[in-house]
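Computed over heavy atoms, backbone and side chain alike; hydrogens, waters and symmetry mates excluded. Counting starts at 1 for both ligands and their atoms, in listed order.
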Amino acid sequence: MAEPYVTVEDVTFRYPGGPSGPVLALDHVGLTVDRGEFVAVVGPNGSGKSTLARMLNVLLRPDEGRVRVGGLDTRDDANLWPIRDRVGMVFQNPDNQIVAAIVEEDVAFGPENRGLPPEEIRRRVDEALAAVGLTALRHRPPHLLSGGQKQRLAIAGALALRPVCLVLDEPTAMLDPQGRQEVLETVTRLCREAGVAVVLITHFMEEAVRADRVAVMEGGRVILTGPPAEVFRHADVLRRAHLDLPPAVHLAAALREAGVPLGADPLTLDDLVDELCRLYSTT
Ligand code: ADP
Ligand code: MG
């Protein structure tokens with residue numbers, strides 16, 4: 001069997017910290033991501049999600065344990081840029097990630113920095129803009145874009161380096177519902193159609209249910225991991241970690257309590273509606 005593309009093995013990390021000494025941010029964390037896999041990471045504030053994300057493209061390195069990307073160890077300086085080309089990052093604030101005054105120039109920034117030939121840069125910019133649905137807006141100044149469009153631009157910037165894996169740290173946290181949906185759909189399509197592996201950090205459980213696998217973090221540890229259907233069955237563990245259940249799981253529990261004999265465990269509202277139609281259709 002092929003080895004996972006990204007492996008985080010028993011990683012511990014402390015920030016040098018402030019007045020009260022070092023802060024233990026990751027405490028023996030393990031995580032794997034296969035090629036083309038969609039992994040969601042959820043957890044309360046301060047549980048170590050962003051620190052874990054920073055480990056994946058060598059913004060941080062483990063104190064103990066190791067992180068490997070496509071077989072390359074993040075501890076080796078020679079692997080820094082090869083790994084950053086393979087793992088693209090998208091952060092929470094859309095405005096902080098824009099570097100150019102025109103959409104297409106912003107997407108070209110990464111490939112230009114890598115010294116690629118102009119023909120190749122053009123090809124990659126076209127491809128990345130098409131992949132996020134921004135081709136028609138390529139000559140726009142980014143500050144005129146909506147929040148969702150700006151995050152799609154940030155995703156295009158990452159895609160222009162043709163990453164194997166995209167890591168998105170709460171990319172929808174500052175967006176309105178429309179923007180959130182645009183970003184989630186873009187990310188899901190990139191994973192399902194283009195085969196890009198995705199690590200999506202989110203506090204929206206209705207986003208996490210779209211993943212192949214969910215990892216739940218608390219206090220610098222991964223306390224639960226598995227397919228969404230399995231993870232969201234542990235309502236008690238999630239509640240103790242001060243996490244929500246996905247809206248459809250909540251609603252299904254309430255309906256069951258009210259006597260509706262739901263058969264399956266729906267994770268999305270679409271699944272729940274399907275199940276209700278199946279139960280109550282008379283044809
Ligand atoms: P999350 O993304 O889940 O909110 P973080 O990875 O940002 O969690 O933080 C994990 C822990 O590390 C928290 O206790 C946080 O206060 C601490 N921390 C994060 N960044 C720093 C930093 N730059 N310096 C010191 N402590 C930090
Ligand atoms: Mg964070």
List the closest protein heavy-atom neighbour of [atom]: residue, atom name, distance to the nearest 0.1 Å.
{"atom": "atom 8 (O) of ligand 1", "value": "Gly48 N, 3.1 Å"}
{"atom": "atom 13 (C) of ligand 1", "value": "Gly46 O, 3.6 Å"}
{"atom": "atom 5 (P) of ligand 1", "value": "Thr51 OG1, 3.7 Å"}
{"atom": "atom 19 (C) of ligand 1", "value": "Tyr15 CE1, 3.4 Å"}
{"atom": "atom 17 (C) of ligand 1", "value": "Val23 CG1, 3.8 Å"}
{"atom": "atom 7 (O) of ligand 1", "value": "Ser50 CB, 3.8 Å"}

Query raised in the report: Any donor-acceptor pair under 3.5 Å linking the side chain of Gln97 with the backbone of Asn93?
Result: yes
Query raised in the report: Got a salt bridge between Arg14 and Asp27, using NZ or NE/NH1/NH2 to carboxylate O under 4.0 Å?
Result: no
**Report entry** Arg162/Glu120 ion pair, N-O < 4.0 Å
**Finding:** yes
Query raised in the report: Are any non-hydrogen protein atoms located under 4.0 Å from atom 15 (C) of ligand 1?
Result: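 Under 4.0 Å from atom 15 (C) of ligand 1, zero protein heavy atoms found.
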Requested in this report: Specify whether the nearest protein heavy atom to atom 2 (O) of ligand 1 is under 4.0 angstrom away.
Outcome: yes
Query raised in the report: Hey, which atoms in ligand 1 end up nearer than 4.0 Å to a heavy atom of Pro44?
Result: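 Those of ligand 1 that fall under 4.0 Å from Pro44 are 3 (O).
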Query raised in the report: Atoms of ligand 1 less than 4.0 Å from Asn45 heavy atoms?
Result: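 That gives atoms 4 (O) of ligand 1.
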Query - side-chain hydrogen bond (donor to acceptor under 3.5 Å, both in side chains) between Thr32 and Tyr5, intermediate numbers included - result: CA-CA 7 Å; Thr32 62; Tyr5 189 70; over 6 Å; no
Query raised in the report: Under 2.8 Å from the Mg ion (ligand 2), protein N/O/S atom count?
Result: 1
Report task. Could you list all the salt bridge (charged side-chain N to carboxylate O under 4.0 Å, His left out) pairs where at least one residue sits in residues 96-118, not counting sequence neighbours? Result -> Asp85-Arg114, Glu104-Arg138
Query raised in the report: Does the ring of Phe204 carry Arg180 above it, NZ/CZ under 6.0 angstrom from centre and within 45° of its axis?
Result: yes
